[in-house]
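The block underneath contains the structure these notes are about, expressed in structure tokens.
Everything numeric in this text was worked out from a predicted model, so none of it was measured.
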Amino acid sequence: MRITDVFVLPDDVQIKAVSELPADLLGDLVCEEGEQAIIRLGTRMPIRLLDEEGVKLLLHFRPAKTIGAAIIEYCRGNGGDPQSILEEAYPMLRLLIDSNLLVPADSPAARPVTPSFRPRESVAGCRVVRCLQWLTDSELYHVKDSNGVNAALKIARPEFAEMMRPLFTHEAEVLRCLDGRVNPPLLAAGDLNGRPYLRIGWCPGEHVDTRAHNLRPLQTTLGRQRLLKLSCAVLDAYTHLHAQGVVHGDVHPRNILISDDGQVSIIDFGFSRREIHKDSGGMPNRGGIPYYYEPEYAWASLERRSPPHATQAGEQYALAALLYELITGKPYTNFSVEIESMLQQITKEPPLPFADQGVAPWPEIEAILCRALSKSPPDRYGSLAEFSSHMRTLLHCEAVDHSPPAIPETAARIVFEVLDRVGPGGSLSFTDLTPPTCSVYYGAAGIAFALYRMACSRGDALLLSQADVWTCWAESAITGTDAFRIPEAQLPPEWFCTVTPFHQASGVYLIRGLVSQALGDPASMQRAIDSFVTACSTPCTNPDLTLGNAGVLLSCGMLLEAAPDIPGMDITNLLALGNQLVESLWASSITVPNSYLGIAHGWAGILYATLHWHRITKNPLPEGTLKALEWLAAQAKENGNRAWWPVTTDSEQAAQGWCHGSVGYVWLWTIAHHLFKQESYLQLAIQAAQYAWDTPAVNGTICCGMAGQAYAMLHLYRYTGEKHWLQKAFALTEGAADSIQRVDERRDSLFKGHLGVAVLAVDLEHPNRACFPLFEIEGWPGSQKV
């Protein structure tokens, strides 16, 4: 790299705030305050992080210029000595060049890399579903053949066709000699307008690092057992591959898929080696990501020698490096960002103890990985089968409980702390609350509901009496100045209708009705229903579920479902209010379409509340309901076994939480499936839940975090009976508890604080009775009487 070399920052290199990146893409990357992520879609290199000054310098390479000119231009605008700045910036620039983010201006890499084919386009006798990956030299597509069978299509880019042809030919030869147990079968190989392609069998599942990322929050015996089982499955797959005389030669997490039932699939055999080839004739060059290089490969790179053949011993090292990272979330040593230094570390530095990585020690696993990571091949295990055997011995040594596990330890601690604050004899009183003091979302009514749900789940009369105390406090202060005052930095006050149960007085009466029913006090419940109807009599034009009329309709359904079918219980006005809301919702929503799509603020919420009311009352659905349901289904962005919906009709932005993200859609599509028996609706619910599982939220709350995601998994477990959803719920609960315990602001909020996670944790004690707070049908027998 010389200062006279002309480089350019390609147009498809993106600079994003770390907060904008999906959790699975960011992984366990540790970010400093103010850093931004530099990423080029379609490259194999990891995300790079730069501080504000680094980003300023990088942007001077648009348009292309020499390094010297960029440095001088930067210094003119920001000050500093060019020579000093160059010396300081050199490692960063070298890293960006090595990462294919800053490229020679006259190279093919300077051109934006975009997919050649669009969805539904016909290619090589198949229909394109979506582009899975596009690189500078090749592209990978999810396709379907004429019979609707899923497959993957790998095709060279036009300008690299001849260079890639030997790799494609080699990969086809290798796939033909394998039995298909741990590899995709080869379906076809051909040439399309001079571009070689392979069509291979579809492997369902998620990348192994995504699965591990979702398991690591479980710092318990259960969580470690799952990580160990995952590691053994990976080793067993590669052991089977080696038994067929093939070394993969390109170990990294994006080349390993794992299905919901634990089946491992190894993909991308372009750099693999058949061991019958004793010399380099016909063999491809070595591939791989430096993190997973074996020392033999690293030495050759340092000495500028031809790389050694891929070997079983070398692949053992690479797999040990991968497993260390899957278990801890970090590479086995603190790698330098400078490639030469990184290669030196691979040849010399032993793996760090788990404790040095901030991970609880696991001596047995650490000893096994240390041997497989020996710098000298003879010091490693004699084979992957031996490596795997040692790992499995440890797996069998520890008890594995296949029954539903106990509440995760961190979550159990949060339950204890919450009850110590708001439970019987707790340290928190109504006068300690910050505004809004009475609301369901933030205040005393939410605390009352949480205690009510815990009491119902545990059959605890003392907790129910405490829920009654908090409800009385909320009722007594309902007209106070701070009762429903909107917190600063939240949504503007004008967005909140005076009827919304989540944020206004109607919510207090909703909670009173539920608590009174649980206490067996029908007279009190009747008063609560009447007060609720009166509180909701003010006109409201907002159709929103959390801020407006859809939420009122949902609450009407909850009270109607809970109301006991006894003489004297008058639900006439409640029924009338619900029916009036349905009529007004559909009149306003059809004439003024809602630009938001999600549950909390959009069309999904309107539809869910409508279907909820229909299910309870058996009233006819409004005209246009099914059409709107099909329209919303068509807005799904499908990605294999996942689906998500944009936040608004005019954006491509995805969200992770219940309010805007795929999580809320799980309930919509299951109730649609329950009512209409259309299998595509259940499939959408499963795809929405899978997307939520693959993109865990960054916080622990019910509203926008992992607690809400956990409730979606619990709901799907109860709806389908499939236990893997329950396991996902436990994992997400552990993650939610771990995240929320580090947040003190609004800790007593049901939807934004510790309170909601505590309710979730107690719901896990009896998962078949769990339900999302103030959103999901609770199962009162009243739902059968109307």
Side-chain angles (χ1 to χ4, degrees), residues 218 222 403-408 410-412 414-415 418-419 440 446-460 463-464 467 511 514-515 517-518 554 557-558 561-562 599 608 612 615 657-658 662-671 673-674 685-686 688-689 692-693 696-697 700-703 705-737 740 750-751 753-781 783:
L218 282 170
L222 173 69
S403 62
I407 296 176
T410 311
I414 286 178
V415 173
V418 163
L419 291 179
V440 165
I447 295 173
F449 178 83
L451 292 167
Y452 150 80
R453 279 297 310 162
M454 292 182 189
C456 291
S457 181
R458 290 180 167 180
D460 190 323
L463 283 181
L464 185 59
I511 304 306
L514 296 175
V515 171
Q517 164 65 316
L554 189 63
M558 290 178 181
E561 179 206 21
I599 279 286
Y608 178 73
H612 185 278
R615 179 178 179 179
W658 165 82
S662 65
V663 179
Y665 290 89
V666 173
W667 285 272
L668 172 64
W669 298 121
T670 55
I671 196 172
H673 177 261
H674 172 81
I686 292 170
W693 170 251
T701 68
I702 284 182
C703 175
M706 283 182 275
Q709 292 178 318
Y711 267 118
M713 306 302 153
L714 274 173
H715 175 72
L716 210 50
Y717 160 68
R718 290 188 294 107
Y719 193 79
T720 67
E722 296 177 0
K723 289 187 177 179
H724 66 92
W725 296 115
L726 179 60
Q727 293 169 349
K728 289 176 169 64
F730 272 91
L732 285 165
T733 301
E734 182 76 6
I740 206 74
L750 178 61
F751 286 89
H754 296 214
L755 200 63
V757 176
V759 176
L760 167 64
V762 173
D763 266 341
L764 282 176
E765 295 174 354
H766 303 285
N768 287 314
R769 299 203 299 266
C771 61
F772 191 108
L774 295 168
F775 176 69
E776 192 170 353
I777 291 175
E778 293 193 357
W780 289 100
S783 59

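When all heavy atoms of A688 and S662 are compared, the pair lying nearest together is O-OG, 3.1 Å. When all heavy atoms of A736 and G700 are compared, the pair lying nearest together is CB-O, 3.6 Å. In this structure, S457 and H766 approach most closely via the heavy-atom pair O-CD2, 3.2 Å. L668 approaches I671 most closely through the heavy-atom pair O-CG2, 3.1 Å. Taking every heavy atom of both residues into account, I702 and G756 meet most closely at CD1-CA, 3.5 Å. Smallest separation of non-hydrogen atoms from A450 and L755: CB-CG, 3.6 Å.
Note that NE2 of H612 and CD of E776 are 9.0 Å apart. Values are rounded to the nearest 0.5 Å. Once rounded to the nearest 0.5 Å, the distance linking CG of D763 with OH of Y711 reads 3.5 Å. Atom SG of C456 sits about 9.5 Å away from atom CD of Q517, to the nearest 0.5 Å. Interatomic distance, I414 CD1 to L419 CG, rounded to the nearest 0.5 Å: 12.0 Å. Put simply, CH2 on W667 and CD1 on I599 are 8.5 Å apart, with the number rounded to the nearest 0.5 Å. If you take CZ on F449 and CZ on R453, they are separated by 6.0 Å, rounding to the nearest 0.5 Å.
W693 has its side chain out of reach of Q709: every pair of non-hydrogen atoms, C-beta onward, lies at least 4.5 Å apart. For the pair V762 and R458, the minimum side-chain heavy-atom distance is below 4.5 Å. Contact of the W658 side chain with the T701 side chain is not registered, since no non-hydrogen atoms from C-beta on lie closer than 4.5 Å. You'll find the side chain of L760 stays beyond 4.5 Å of the side chain of L732, heavy atoms only. Side-chain contact between I447 and L750 is absent, with no heavy-atom pair separated by less than 4.5 Å.
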Show your reasoning for whether side-chain contact (heavy atoms from CB on, under 4.5 Å) applies to T410 and E734. CA-CA 7 Å; T410 311; E734 182 76 6; 3.4 Å; yes
Item checked: Chi angles and distances behind the side-chain contact (heavy atoms from CB on, under 4.5 Å) call for V418, V759 -> CA-CA 10 Å; V418 163; V759 176; over 6 Å; no
- [ ] In sequence, state the C-alpha distance, the side-chain angles, and the governing distance for Y452 and L464, and then conclude on side-chain contact (heavy atoms from CB on, under 4.5 Å).
- [x] CA-CA 5 Å; Y452 150 80; L464 185 59; 4.3 Å; yes
* Dump the intermediate steps for side-chain contact (heavy atoms from CB on, under 4.5 Å) on L764 and L714, then the final yes or no. => CA-CA 8 Å; L764 282 176; L714 274 173; 3.7 Å; yes
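Of the possible donor and acceptor atoms, one in the side chain of T670 sits under 3.5 Å from a partner among the backbone N and O of V666. With hydrogens and angles ignored, the 3.5 Å screen pairs no side-chain donor or acceptor of E561 with any backbone N or O of I777. The closest donor-acceptor contact from the side chain of Y719 to the backbone of H674 lies under 3.5 Å. Under the 3.5 Å distance criterion, the side-chain polar atoms of Y608 are matched with a main-chain donor or acceptor of F775. In this structure, the side chain of R718 engages the main chain of A770 through a donor-acceptor pair within 3.5 Å.
Aromatic ring pairs are classed by plane angle as parallel below 30°, tilted from 30° to 60° and perpendicular above 60°; the pair W669 and Y665 is parallel.
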